[in-house]
Structures are given as C-alpha cells and as structure tokens.
Amino acid sequence: MSDRYEAQNIEQKWQQKWASANIDAASDDPSDTRPNYYCLVMFPYPSGNLHMGHVRNYCLGDAVARYKRMKGFNVLHPIGWDAFGLPAENAAVKHHRPPAEWTYANIDQMREQLKRLGLSYDWSRESATCRPEYYRWEQWMFTRLMEKGLAYQAEAEVNWCDPCHTVLANEQVVDGVCWRCDTPVVRKNLKQWFIRITDYAEELLTGLDTLTGWPEKVVGMQRNWIGKSSGAEVSFGIEGSDETLDIFTTRPDTLMGVTYMAVAAGHPLAQKAAEDNPELATFLEECSKVSTKEADIALMEKKGMPLGIHAVHPVSGEKIPVWVANFVLMSYGTGAVMSVPAHDERDYDFARKYDLPIKQVIRPAEGDWDIETAAYTDAGVLIHSLEFDGLASSDAKQAITSWLSEHGRGSERVQYRLRDWLVSRQRYWGTPIPVVHCKDCGEVAVPDDQLPVELPTHLQPTGGASPLNECDEFRYTNCPECGKAAERELDTFDTFMESSWYMNRYTSPRNEEVMVDAEAMNRWAPVDQYIGGVEHAVLHLLYARFYHKLMRDAGLFTSEKGGDEPFKNLLTQGMVLKDGTKMSKSKGNTVDPKAIIERFGADTARLFTLFAAPPEKELEWNDAGVEGAYRFLKRVWRLLDRKIENGVKDSGDISALRRAIHSTIQRVSHAFEHGFAFNVVIAALMELTNSLQAFAIADEQDEAAYREGLEALITMLAPFVPHFACEAGERVGMDRMAVEQSWPEVDASALVSHEVTLVVQVQGKKRGEITIARDADQDAAMAAAQADAGISKWLDGMQTVKVILVPGRLLNIVVKPA
RNA sequence: GCGAGAGUGGCGGAAUUGGUAGACGCGCUGGUUUUAGGUACCAGUAUCCAUGAUGUGGGGGUUCGAGUCCCCCCUCUCGCACCA
C-alpha cells in the first residue's frame with residue numbers, strides 16, 4: 001500500500017468494489033423495512049460531453065443520496081437520458097450519420113464519464129427516452145388524452161422558428177426569440193396538436209401552495225406564468241348588427257366610464273372592417289409585422305385607428321366608437337377591451353393621443369383627483385354611474401356584474417394567461433404522434449395493441465423538413481378503424497413530453513404491462529428531493545406537474561399513493577461560471593471535467609464543486625481552489641497513520657476535541673436536513689481536520705479520542721468524497737466501507753463543557769474574555785471580570801448602571817461616570 | 001415600469017433567537033525542507049494617525065448591544081413586461 005494519496009488507483013478500486021457489491025440499487029423488496037427516499041437529479045441530454053454544470057448537479061444529488069443511505073434509508077437514485085431532440089438531427093446533418101447512431105454513441109461516452117465520477121446511481125434502472133419501450137407509454141397516454149378530449153388538433157396562430165424548422169410552445173419563446181437558437185419567432189396559422197393544460201390551470205395554481213419545499217422564486221414564476229385574473233365578461237352590442245362585442249375586464253366597476261372600445265388587429269371585427277378600407281388594411285398589416293417581438297416592445301408607441309363602427313353600452317345604451325389598437329393582444333381574453341381612459345394608464349395615453357373623451361367614474365375614497373393630469377387607477381367610490389353611485393369599487397364590481405348577468409349582458413369570469421400546450425413538432429428525432437389520418441374516419445388514435453408506433457431509426461436528416469415526410473413505409477398505412485389506406489401523422493412530440501414523466505417511470509422502469517406500476521409509485525413517489533437548474537422553472541417543472549396530474553387522473557395511481565405533485569422538495573442549483581460568465585465553447589472559457597478528474601481525481605472535483613459556493617448560487621470556477629480541495633484531502637491523508645507519538649508529554653484537551661467532534665456532527669447533520677449548505681459543511685469538516693491535526697497524542701486516552709474524531713471525519717466525508725473515504729476507512733481499519741457506515745450520532749454529553757469563555761463588553765464594546773464555570777451566575781461573572789486587569793481598567797472610576805449576562809456567550813457592563 | 005432577492009477583506013464566502021464580524025478556502029507575506037523550480041509543511045494576513053480607534057453599499061432610528069430589526073436613498077442580479 002502506497003503512503004501517498006493516489007486518487008486514480010483508489011477511485012478505480014472502490015468503483016469496482018461498489019459495483020460488485022451492488023450497494024447502490026434501490027430495493028423493491030416489500031419486506032425491506034427501511035424507509036424509502038427518492039432523490040432525483042435532472043437527467044441529461046446526451047450531447048456527448050459532460051460539462052461542469054452536470055458535475056455540480058450530480059455531485060449535489062449524490063451527496064444527498066449517500067447521506068440518506070447512511071441514515072438508513074432505502075434510496076432510489078436513478079439516472080437516464082433525455083435522448084430525443086434537435087441537436088441529434090443537427091449533428092446528423094453535419095456528420096452524415098443517423099441521429100440514433102450519434103445519440104447512442106454519446107450515451108455510451110457520457111455513461112463512462114458519469115461512472116468515473118463515482119456517482120451512486122442505480123444503473124439497473126437506466127433508461128433512454130428514445131427507446132420504444134419508453135415512448136410507447138407516452139403514446140399510450142396521448143391516446144387516453146384524445147379519448148378524454150384533453151388532446152386535440154386545432155388551427156391556431158402559433159410560434160414558428162425557421163432555423164429549427166418547427167413550431168414552439170409559448171413557454172419555449174423567451175423574449176420573442178426561440179429558447180434554443182435565439183432567433184425571433186414568426187407567428188403563423190397552422191393546424192397543430194395541443195394538450196389542454198388550461199383545464200388544469202386552477203389545480204396547477206392552488207397546488208403551488210402545497211410546494212413548501214420549493215424555492216419561492218420558482219413558485220412565483222409559475223404563479224405568474226399561469227396568470228390568473230378575476231373579473232367579468234361583458235357583452236357590448238354592435239350598432240346595426242345582431243352580433244356582440246365581448247370583452248374581459250378586471251374592472252367592471254369602471255364600466256360606466258367606457259368611452260371607446262379597442263380590438264386587436266387580428267380581431268374579426270377589425271378584419272371585416274378592413275375589407276373595404278385599404279388604409280385600415282395597411283395598418284393591420286403593420287401591426288401583424290410588429291408582433292415579431294423586440295426587446296423594447298413595451299416602449300412601443302401606442303397606435304390605433306377607428307373602425308367606423310360603434311358598440312352599444314350594455315347599461316346606458318350609449319354609442320361607443322370601436323377602434324383597433326396595436327397594444328391589444330388577440331391571444332389574451334377575447335382580443336378586445338373596453339377602454340376606460342380615466343382609470344387605466346394605457347387607455348389614458350391612447351385617449352390623449354387621439355383626443356377621445358375621458359369620463360371619470362371613480363373618485364378616491366378620500367381627497368381629490370385631477371383627471372386632467374393622470375388616470376386614477378386605484379379603487380375608490382363610484383360617481384357618474386347611475387344607480388351604482390356611491391358604491392365602493394369592490395362592491396360595485398359585484399353589483400355591476402350581477403346586473404349584467406340578470407340582463408344577459410355579461411357574467412363573472414376568471415381568465416388565465418396560461419394557454420394550451422402545443423406538443424407537435426415538425427421534427428424527425430422525436431416520439432411519433434400515435435395518430436392516423438383517414439379520409440373517412442378523420443384523426444384516429446392508434447389502438448393500444450398497435451403501440452408503439454416506432455420511429456424508423458435509419459433515416460438521414462438533410463437539414464430541411466423532417467425525413468419522415470419522405471419515408472413511405474412509415475407514412476402510408478391503413479386506418480385502424482375502417483382498414484382503408486390512410487396516412488400517419490408525421491409530426492413528433494415536443495421533447496418536454498418525455499421529460500414530463502420520467503421521474504415516475506423510474507419507479508418501475510422495466511414494466512411492460514403499464515406506464516407506471518401503482519405499487520412502485522406508492523413506494524417511491526413523489527420525488528423527495530429534486531435537483532436541477534433554475535432555467536426549467538416554467539418549462540419542464542410546469543409540464544411535469546401537469547403530466548403527473550394527467551397520470552393520476554388516468555388512474556395510474558392515486559393522490560394518496562403517488563401524490564398530487566411530482567416533486568416534494570426542489571433545489572435549484574446555480575450556474576458554473578468562468579471569468580464571471582457562463583462557460584461556453586464560443587467564449588473559449590470551458591473547463592473540461594475530464595481534465596480535472598485526470599489530474600486530481602473525481603473526489604477533488606466533487607469536493608471543490610460542493611465547497612466553492614452555496615448550491616443555489618453561481619459557482620465561479622477557480623483552478624487554485626481546486627488545488628486547495630486536493631490539498632485538503634492530502635492533509636486528511638496524513639492524519640490517518642497518527643498514533644501515540646514519541647516525545648509528546650502533554651496530552652491534548654480530550655473534552656475540547658470531543659466537543660469539536662460532536663458539534664461538527666451536529667452542524668453537518670443539520671445542513672443535510674435543512675438547506676444543503678455543503679460549502680459550510682465542508683468548511684466544518686476542514687475545521688475538524690485542523691483540530692485533529694493540532695491534537696497531541698500522548699497516551700491511550702488521547703489515542704481513543706483522536707480515533708473517534710478520525711472515524712467521524714471519514715464517515716462524514718463519505719457523501720462528498722466516497723472513494724477517498726472508503727480508502728481512508730480501510731487504512732484505519734474501520735469495520736465497514738465508509739459509504740456503508742451509519743451516519744454518526746451526536747453525543748450530547750460531549751457538547752457540554754463545565755467551563756465557558758464569556759466575552760466581556762463595557763458599553764457594548766468588547767474589552768476582554770473571561771473563563772468561568774458554565775453555570776456561574778451574574779455575580780460570579782462580574783467578580784471574574786473585575787479581577788481581569790484588562791477589563792477592570794474600563795470600570796475604574798465608573799458606576800455600574802446595568803449588567804447583561806447572556807449565559808455561555810457574553811457579559812455586557814453598562815457604566816456611567818461616578 | 002412592476003415584482004423578488006442581494007450588497008461583508010485582494011477573491012469565493014461564514015456568522016440559531018439581535019450577543020466575539022470576517023469561520024473555511026483561495027491569494028498574498030515571511031520561514032522550514034529541497035541542488036533549484038514546483039510540491040509539502042510552519043507562522044502571519046480587515047483598515048488606520050495603533051496602550052487605541054474605525055469597520056458589513058450610504059444616511060437616519062430602535063437597543064445595554066445591530067451585518068441581523070425599522071425608515072429613506074444608492075447599486076447590482078434575477079424574474080415579468082402593453083394580460084385589459
């Protein structure tokens with residue numbers, strides 16, 4: 001055995017031992033009495049290379065999983081591959097190889113990289129979403145949703161990304177550009193497949209309240225995205241027509257202040273009016289072009305044109321001009337609004353610009369308001385509102401809405417910003433949508449016994465349209481209902497479909513009978529701890545919550561035995577930066593995990609990524625810091641062989657050492673249970689290392705105390721640097737592998753000391769320290785303080801006014817001149 | 001513009017309930033070992049007119065005592081951004 005710390009040999013040795021002992025598998029044995037714990041990290045897209053963001057994510061997850069095992073839990077800690085998606089097609093075009101080949105080769109490569117890190121995954125559950133055994137259940141689920149009317153095909157204005165050659169969901173458009181390639185998206189009218197996430201809007205919203213283990217930030221982002229607002233739908237008449245102009249408003253109390261109506265450029269009324277008005281048609285054209293969003297859209301000038309038609313006020317019967325306005329969104333509410341310039345800033349600006357009347361109908365409850373200066377947007381008391389005069393805004397909302405309902409001109413209404421999930425993509429490398437288009441039968445779901453609809457894996461993308469379009473053997477089939485010639489749906493699913501349910505599939509990954517096994521869901525779900533990047537706050541994490549509920553409502557499991565939410569606790573890790581910015585190939589500031597592992601070993605890489613910053617914060621990469629982590633391991637290494645030392649006469653302070661040992665156990669354990677501040681945990685372990693190093697071993701008692709500390713240190717290091725800990729444990733003769741040790745218990749009696757050091761303050765300023773008995777009273781403390789020359793000189797010639805004793809911490813003496 | 005969070009040494013970052021500010025690490029300085037460099041180890045490291053004073057973005061306040069609580073201001077980060 002070498003006396004030097006040789007990471008490479010050690011890591012290889014223990015990885016083999018763990019694998020052959022199969023210690024990382026989760027047990028589905030019903031007689032296993034251990035409590036269950038499900039720790040999940042966001043599975044990677046198999047790009048071929050592990051980057052530091054992955055390393056950070058997986059080291060966090062591994063520390064949690066290993067800790068829980070040591071605490072006696074039966075831990076499920078799976079991994080797999082989010083293997084469908086566009087990069088595979090792009091690579092296929094570049095290398096002239098089918099995406100499947102590229103994907104599977106990357107998976108093999110990345111699997112080796114993950115294994116080299118010594119992550120304690122249950123590899124027997126590994127799965128890849130591009131395998132038919134996986135996606136067949138997604139297809140099965142989709143046909144269930146079609147039966148329920150929760151999946152449907154519709155023509156709608158959708159986001160189209162030209163470089164990606166596909167449509168995108170709303171969630172995938174960030175500031176008007178494609179989330180993948182940063183190209184501005186184009187609005188197009190296309191027939192697409194949707195899933196009715198809006199049916200679950202309310203549950204997705206109220207469910208957020210139960211997610212107490214999630215960062216508030218993420219909860220807030222989702223709440224914002226769902227965007228619930230309550231108000232009323234109001235039907236205005238249209239002069240000279242039987243039709244109505246319906247609008248949604250959150251301020252029905254301002255109804256009597258309407259002076260004009262505004263509709264979106266895409267609104268049928270505007271379109272119709274433009275037919276015989278070329279000037280208007282030109283304006284509408286302009287508006288539709290601007291809808292390709294720019295960053296400064298908010299600053300865009302408000303523009304409009306009268307349509308030349310009039311609406312009829314539902315209460316007063318007044319004639320109200322109808323305008324088209326560029327700030328009204330066709331995609332929200334009804335695409336039309338009632339404009340109350342007196343009480344809405346946008347309407348106010350617009351009215352001023354086009355010289356439209358402003359009619360105040362709300363006054364502040366107290367004081368005056370000059371409506372000539374600005375709109376009054378707060379609640380208040382109604383005026384100029386006929387029978388509603390004198391009501392407070394909140395009462396008036398009720399009263400006016402009731403009046404409208406009674407007269408058939410409106411109703412209470414809740415509006416969500418969330419829109420249905422567009423799931424079809426005009427791409428090849430994805431899950432085929434299990435639908436056949438038949439001339440006679442329409443869209444027919446592929447029956448269960450014909451699933452999966454397998455994706456042909458040999459096709460070669462060329463960069464343009466999906467090669468599925470050219471693949472006759474896939475495209476042409478027979479209608480499952482009438483048997484006549486028919487065509488398959490050629491679009492594939494959004495890859496967020498696969499990642500929306502993988503966490504549940506891991507509970508029974510090889511089951512060929514059902515999508516997820518109810519018993520396994522009962523055992524493992526929901527995920528106890530989920531760890532991943534915050535960039536998925538409204539994408540993956542919203543879809544996964546939705547899909548979990550769809551699975552529940554498909555009868556795959558129940559609320560009681562599987563949960564209403566998929567992830568109980570969520571940790572969103574920060575990005576890994578270099579030189580203050582995100583690592584990227586184009587900036588040339590990447591750090592290759594492989595190089596770090598080859599030079600220092602996996603344990604050093606793991607230790608540094610956990611130590612350098614709190615998990616949820618950004619991590620600034622620092623090569624010198626990595627060496628520091630390596631140095632620390634070498635320092636611990638040197639402590640392993642210490643015994644009773646020749647020439648040492650004075651024993652170390654055993655009770656002080658034991659206090660250090662057990663307070664470290666306490667601190668480290670606390671961090672694992674609350675907040676995962678591993679940077680602080682590792683600092684505490686370094687402190688313990690320093691204490692052990694400084695401890696003098698003169699006799700057997702010393703040696704026993706030292707050994708207690710050393711074993712505790714090794715055991716607590718195991719979740720972070722498992723190979724190192726195992727080797728160190730073996731070297732000092734611990735009975736089991738360090739990663740299989742029980743987590744150390746705090747010996748409360750070791751924490752108390754009979755003497756304590758009190759900080760002594762005079763006038764709140766620190767003037768010295770005294771060491772006194774732990775249970776000393778105020779008088780004893782005062783006596784000790786006065787006996788200390790450094791302190792007493794501040795008390796000379798002074799009269800003591802007040803004494804504050806904080807037991808075990810400090811003594812503050814308040815004085816004034818005598 | 002709206003909302004949330006954060007401002008602590010040269011750097012990353014610590015500090016239960018208000019109770020020793022700067023743990024731990026990096027860097028830096030000096031030393032030991034080494035033929036030398038590197039490694040390793042030991043000591044020091046907030047600032048300043050230094051028996052003391054000052055110090056957690058700035059200014060006020062509460063308190064025996066404030067990084068922590070309250071008010072005002074500044075800066076940065078993130079999220080949302082015409083949602084009617």
Side-chain angles (χ1 to χ4, degrees), chain A residues 4 174-176 215-225 227-229 231 247-251 254 262 264 293 295-302 325-329 331-340 343-347 349-350 415-418 534 537-538 574 577 607-608 611-614 616-632 634-635 638 667 670 674 677 679-690 693 757-769 790 793 801-815:
Chain A
R4 284 188 49 201
V174 182
D175 288 336
E216 280 179 39
K217 182 184 162 184
V218 175
V219 171
M221 281 168 74
Q222 291 212 358
R223 182 168 288 128
N224 208 339
W225 188 262
K228 179 181 182 177
S229 51
I247 59 94
F248 170 73
T249 180
T250 55
R251 292 293 303 271
T254 65
K293 293 188 178 182
D296 55 357
I297 188 163
L299 307 168
M300 197 166 75
E301 196 188 350
K302 290 180 178 41
N326 65 348
F327 65 87
V328 179
L329 305 174
S331 49
Y332 185 78
T334 60
V337 297
M338 66 177 207
S339 290
V340 186
H343 306 293
D344 180 282
E345 273 167 29
R346 287 160 308 176
D347 297 347
D349 293 346
F350 195 83
Q415 179 70 36
Y416 297 93
R417 198 182 85 121
L418 182 71
V534 74
V538 280
L577 308 180
L607 188 68
F608 175 73
F611 176 63
E616 62 283 351
K617 267 201 73 169
E618 290 171 342
L619 186 159
E620 175 69 34
W621 190 263
N622 174 0
D623 289 327
V626 180
E627 289 192 40
Y630 185 55
R631 202 144 53 213
F632 167 68
K634 286 194 284 187
R635 209 142 45 88
R638 279 196 300 276
R667 287 166 69 188
H670 184 266
H674 306 100
N679 56 325
V680 185
V681 165
I682 292 166
L685 294 173
M686 287 174 170
E687 281 185 77
L688 179 57
T689 302
N690 294 343
Q693 199 174 338
T757 300
L758 280 191
V759 166
V760 180
Q761 297 182 336
V762 180
Q763 311 291 62
K765 287 193 163 74
K766 183 184 170 183
R767 297 301 181 194
E769 289 177 2
K793 72 177 177 187
V801 178
K802 192 174 176 182
V803 176
I804 295 110
L805 175 70
V806 182
R809 286 207 176 257
L810 68 74
L811 178 75
N812 189 14
I813 304 160
V814 186
V815 295

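Quick note: numbers below take in every heavy atom, side chains included, and nothing from hydrogens, waters or symmetry partners.
Rounded to whole angstrom, the span from the CZ atom of A:F327 across to the C1' atom of B:rA84 amounts to 8 Å. Across the protein-nucleic acid pair, A:M221 atom CE and B:rC2 atom C1' stand 16 Å apart, rounded to whole Å. In this structure, CG of A:L805 is placed 15 Å from P of B:rG19, rounded to the nearest angstrom.
B:rG22 makes up no base pair with any nucleotide shown, lacking Watson-Crick or G-U wobble contacts both under 3.5 Å. Under the Watson-Crick or G-U wobble criterion, with both distances below 3.5 Å, B:rU32 is paired with B:rA40. A 3.5 Å limit on both hydrogen-bonding distances identifies no Watson-Crick or G-U partner for B:rA14. In this structure B:rU56 sits in no base pair that meets the Watson-Crick or G-U test at under 3.5 Å. The base-pairing partner of B:rG67, taking Watson-Crick or G-U wobble contacts with both distances under 3.5 Å, does not exist among the strands shown. B:rG7 is paired with B:rC74 under the criterion used here, namely a Watson-Crick or G-U wobble arrangement in which both key atom distances are under 3.5 Å.
When heavy atoms are screened at a 4.0 angstrom cut-off, A:K217 is found touching the sugar-phosphate backbone but no base atom. Across all strands shown, A:Q761 has heavy atoms under 4.0 Å from base atoms, whether or not it also approaches the sugar-phosphate. Nucleic acid contact for A:V337: base, since at least one base atom lies under 4.0 Å from a heavy atom of the residue. In this structure, A:R635 reaches the sugar-phosphate backbone alone: every heavy-atom distance under 4.0 Å involves primed, P, OP1 or OP2 atoms, never a base. Heavy atoms of A:G220 sit nowhere under 4.0 angstrom from any nucleic acid atom. Nucleic acid contact for A:K793: sugar-phosphate only, since backbone atoms but no base atoms lie under 4.0 Å from a heavy atom of the residue. At the heavy-atom level, A:V806 lies under 4.0 Å from base atoms of the strands shown. Here A:N690 lies in heavy-atom contact (under 4.0 Å) with sugar-phosphate atoms only. Among the protein residues, A:E627 comes within range of no part of the nucleic acid, since none of its heavy atoms lies under 4.0 Å from any strand. Counting non-hydrogen atoms under 4.0 angstrom, A:V803 reaches nothing in the nucleic acid. Residue contacts for A:E616: at a heavy-atom cut-off of 4.0 Å it reaches no nucleic acid atom on any strand shown.
Looking at the side chain of A:R417, the nearest of the listed nucleotides B:rU54, B:rC80, B:rA40 is B:rC80. When distances are taken from the side chain of A:N812 to each of B:rA15, B:rC24, B:rG19, the shortest belongs to B:rG19. Distances from the side chain of A:V328 to the nucleotides B:rG19, B:rG25, B:rA84 place B:rA84 closest. Nearest nucleotide to the A:R767 side chain, out of B:rA40, B:rA15, B:rA53: B:rA53. Nearest to the side-chain atoms of A:E769 among the listed nucleotides B:rU20, B:rA14, B:rC64 stands B:rU20. The side chain of A:N224 approaches B:rC80 more closely than any other nucleotide in the set B:rA14, B:rU20, B:rC80. Closest to the A:R809 side chain, of the nucleotides B:rU16, B:rC24, B:rA84, is B:rU16. Nearest to the side chain of A:K634, among B:rU20, B:rG79, B:rU39, sits B:rU39.
Straight-line distance between the P atoms of B:rG5 and B:rC71: roughly 13 Å, to the nearest whole Å. For B:rA43 and B:rG61, the P atoms lie 45 Å apart once the distance is rounded to whole Å. Between B:rC69 and B:rU63, the distance separating the two C1' atoms is 10 Å to the nearest Å. Using C1' as the reference atom, B:rG22 and B:rA14 are 8 Å apart when rounded to the nearest Å.
For the pair A:N622 and B:rC11, the criterion of a side-chain N or O lying under 4.0 Å from OP1 or OP2 is not met. For the pair A:Q693 and B:rC42, the criterion of a side-chain N or O lying under 4.0 Å from OP1 or OP2 is met. The shortest distance between the side-chain N/O atoms of A:K766 and the OP1/OP2 oxygens of B:rA53 is not below 4.0 Å. Side-chain nitrogen and oxygen atoms of A:K617 include at least one within less than 4.0 Å of the OP1 or OP2 phosphate oxygen of B:rG13. Dashed line: the shortest gap from a side-chain N or O of A:R631 to OP1 or OP2 of B:rG27 is under 4.0 Å. Between B:rC83 and A:R346, a contact under 4.0 Å exists linking OP1 or OP2 to a side-chain N or O. Phosphate proximity of B:rC83 to A:S331: absent, as no side-chain N or O sits under 4.0 Å from OP1 or OP2.
Map A:Y416 and A:I682 each onto its nearest nucleotide of RNA chain B; the residue landing nearer the 5' end is A:I682. Heavy-atom nearest nucleotides on RNA chain B were determined for A:T249 and for A:E216, and the one closer to the 5' end corresponds to A:E216.
A:R417 and A:N224 share no side-chain donor-acceptor pair at under 3.5 Å.
Rounded to the nearest 0.5 angstrom, A:Q761 CD and A:I813 CD1 are separated by 9.5 Å.
Between A:R667 and A:E687 a salt bridge is recorded (basic side-chain N to carboxylate O distance below 4.0 Å).
Nearest heavy-atom pair across A:L619 and A:A613 is CA-CB, 4.1 Å.
Annotation: A:E345, atom CD; neighbour count of heavy atoms from other residues, nucleotides and ligands within 6.0 Å does not exceed 12.
Aromatic ring centroids of A:F632 and A:F611 lie 6.0 Å or more apart.
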